[in-house]
Visitor: 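Would you mind keeping the following structure in view while I ask a few things?
Numbered from 1 within each chain, the chains take letters A, B, ... in sequence-line order. These numbers come from the heavy atoms of this one structure, side chains and all, not from hydrogens, waters or symmetry mates. Model, not experiment: these values are computed from the prediction.
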Number of protein chains: 2
Amino acid sequence: MTTKVLIIEDDSALRSSIVQTLELEDLEPIPTSSFTQARRSIRSNFKGVVLSDIKMPDRDGFEVLNFVRARDPDLPVVLLTGYSDVPTAMRAMKEGAYDYLEKPCNPDRLIDTLRRALDHRSLVLENRAIRDELVDQQSVVEGGTLSEQLELHERKVIEQALAMENGKVSMAAKRLGIPRNTLYDHMTRLRIVAKAFRNSDTGIE
Amino acid sequence: MTTKVLIIEDDSALRSSIVQTLELEDLEPIPTSSFTQARRSIRSNFKGVVLSDIKMPDRDGFEVLNFVRARDPDLPVVLLTGYSDVPTAMRAMKEGAYDYLEKPCNPDRLIDTLRRALDHRSLVLENRAIRDELVDQQSVVEGGTLSEQLELHERKVIEQALAMENGKVSMAAKRLGIPRNTLYDHMTRLRIVAKAFRNSDTGIE
DNA sequence: GATTTTTGTCCGAAAAGTCGGAAAATCACG
DNA sequence: CGTGATTTTCCGACTTTTCGGACAAAAATC
């Protein structure tokens, strides 16, 4: 689970208060006092979320929002708005903020909100990882000679059969429906050694 | 995107008000007046989220929560609590509610919260779908003779090569690093006809 | 420690696959 | 309808693979 929270807040008192609240909940606060300082952390593979004040001396919270969304539209940004500043909050949500909190905010609410944002982030990252795995596997064929590709697959099949039989060549041969000697031929050609599959106790059943 | 919101609310005035709010935002409210009425909709593959009142005449909102979590721990439940009933709200969050809203609630807040919950639900369902696909593909090798398995893969490789070259055998042969004739030999053996890969306009580049 | 089973390697004949050349069939195009 | 390019099939020599049998070495069983 991702637990990083990149905090952008110029009021140092509030900042350290937030840091403390997060640490009590086993989250990982990364406190910064300005957008410029925070920029470098904001990447598409950032394993956390952003918590930013919306009113800051140099830059606006909306700038943060746009920057983050440009880097990764699925990186949640939680904004801290002034008390009952509903229009600003609504605008923030419309522009893609994950959520907003009214200052001063209830610590529980803060944690709940960040937890949700982090959960969302985890799911998104997990999703991407699984997707990558999927496309890796789907491209059964990337390039190379036909024989190269077949050899690669042949190796996989034989190694799996050996693994399933704990490295017993004769058993693997039976499983593969070929005579023992033939399997030895294949193994010699592919430089597969049966010993490598023994003892490892990964045999199925 | 999933947009269903299963509403459990005994106050009919509030219920229809919620329904109206959701419909204005293109969400799909499923209004029910009691837990018993809502039960049958709650399944692990429910493509939506649950919005329930926490105080009801017959059953408690926590019962809903437990029931839903038993059916699917990743089905978000948003609870409606009485105004500033902080302890109940905190207990709800601890017991796994996705979020809570204080009654009477701001329509914008309601929509924001439900959108987040629905987003979460979509991600979870998507994740599961991709996972299923993954395990399907991971079983590269199920059984059968070595030659059967190799033949299967050989067919895949050749068909992909043909598809990439729009059914041009000579081009596919070049790509596979073997003479045309040899590829024809393979194709004859595997009963692959090149015509089947022409015209379909699926050629890459 | 003797015996039986299993492993890993080698041999050789039959079977299958490779691949160049060439002819037949088909397609493309003016 | 020809003409050239491409696809497809057929042939035959050459190479590789298959697979049963044999055998020494290692392991397991008694």
Visitor: Roughly how many Å is it from CG in B:D185 to P in D:dA13, rounded to a whole number?
Guide: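 Rounding to the nearest Å, CG of B:D185 and P of D:dA13 are 16 Å apart.
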Visitor: Backbone N or O of B:E95 within a donor-acceptor pair of the B:R69 side chain at under 3.5 Å?
Guide: yes
Visitor: Rounded to whole Å, please give me the gap between CG in A:L183 and P in C:dT7.
Guide: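 Atom-to-atom, A:L183 to C:dT7, this comes out as 11 Å.
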Visitor: Whole angstroms only, please: what is the CG-P distance between A:L150 and D:dT17?
Guide: 12 Å
Visitor: Please report, rounded to the nearest Å, how far the C1' atom of C:dG8 is from the CE atom of A:M171.
Guide: 16 Å
Visitor: Taking atom C1' of D:dT7 as reference, at what distance in whole Å does atom CG of B:L162 sit?
Guide: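 Distance check: B:L162 CG to D:dT7 C1' gives 12 Å.
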Visitor: Nearest of C:dG8, C:dT18, D:dT7 to any side-chain atom of B:H186?
Guide: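 Nearest to the side-chain atoms of B:H186, counting from C-beta on, is C:dT18.
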Visitor: Base of C:dG8, side chain of A:R180 - is there a donor-acceptor contact under 3.5 Å?
Guide: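 Looking at the base of C:dG8, it does pair with a donor or acceptor on the side chain of A:R180 (distance under 3.5 Å).
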Visitor: Give the C-alpha distance, both sets of side-chain angles, the deciding distance and a yes or no for side chain to side chain donor-acceptor pair (under 3.5 Å) between A:T81 and A:T88.
Guide: CA-CA 7 Å; A:T81 71; A:T88 310; over 6 Å; no
Visitor: Pick the nucleotide of DNA chain C nearest each of B:R189 and B:N181; which residue has the one closer to the 5' end?
Guide: B:R189
Visitor: Strictly below 4.0 Å: does B:Y184 bring a side-chain N or O up to OP1 or OP2 of D:dT8?
Guide: yes
Visitor: Ring of B:Y98, cation from A:R116 - is the NZ or CZ under 6.0 Å from the centre and inside 45° of the axis?
Guide: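 Geometry flag: set, cation within 6.0 Å and 45°.
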Visitor: Return the value, rounded to whole Å, for the distance between atom CD1 of B:I192 and atom P of D:dT8.
Guide: 12 Å
Visitor: Which nucleotide wins on minimum distance to the side chain of B:I178, given the candidates C:dC19, D:dC19, C:dG8?
Guide: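 That would be C:dC19.
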Visitor: OP1 or OP2 of C:dT6 versus the side-chain N and O atoms of A:S170: is any pair under 4.0 Å?
Guide: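 No, because none of the side-chain N or O atoms of A:S170 sits under 4.0 Å from OP1 or OP2 of C:dT6.
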Visitor: In whole angstroms, how far is the P atom of D:dT18 from the CD atom of B:E151?
Guide: 13 Å
Visitor: Rounded to the Å, how far apart are B:K195 NZ and C:dC27 C1'?
Guide: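 Rounded to whole Å, this separation is 11 Å.
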Visitor: Go nucleotide by nucleotide along DNA chain C from the 5' end; which of A:A194 and A:L146 gets its closest nucleotide reached first?
Guide: A:A194
Visitor: Using a 3.5 Å distance criterion without hydrogens, assess whether the side chain of B:R128 forms a donor-acceptor pair with backbone atoms of B:N45.
Guide: no
Visitor: Take B:L190 and B:I158 through the side chain to side chain contact (heavy atoms under 4.5 Å, CB included) test and state the conclusion after the steps.
Guide: CA-CA 10 Å; B:L190 299 175; B:I158 292 177; 4.0 Å; yes
Visitor: What's the closest nucleotide to the side chain of A:K168 if the choices are D:dT7, C:dT7, C:dC19?
Guide: C:dT7
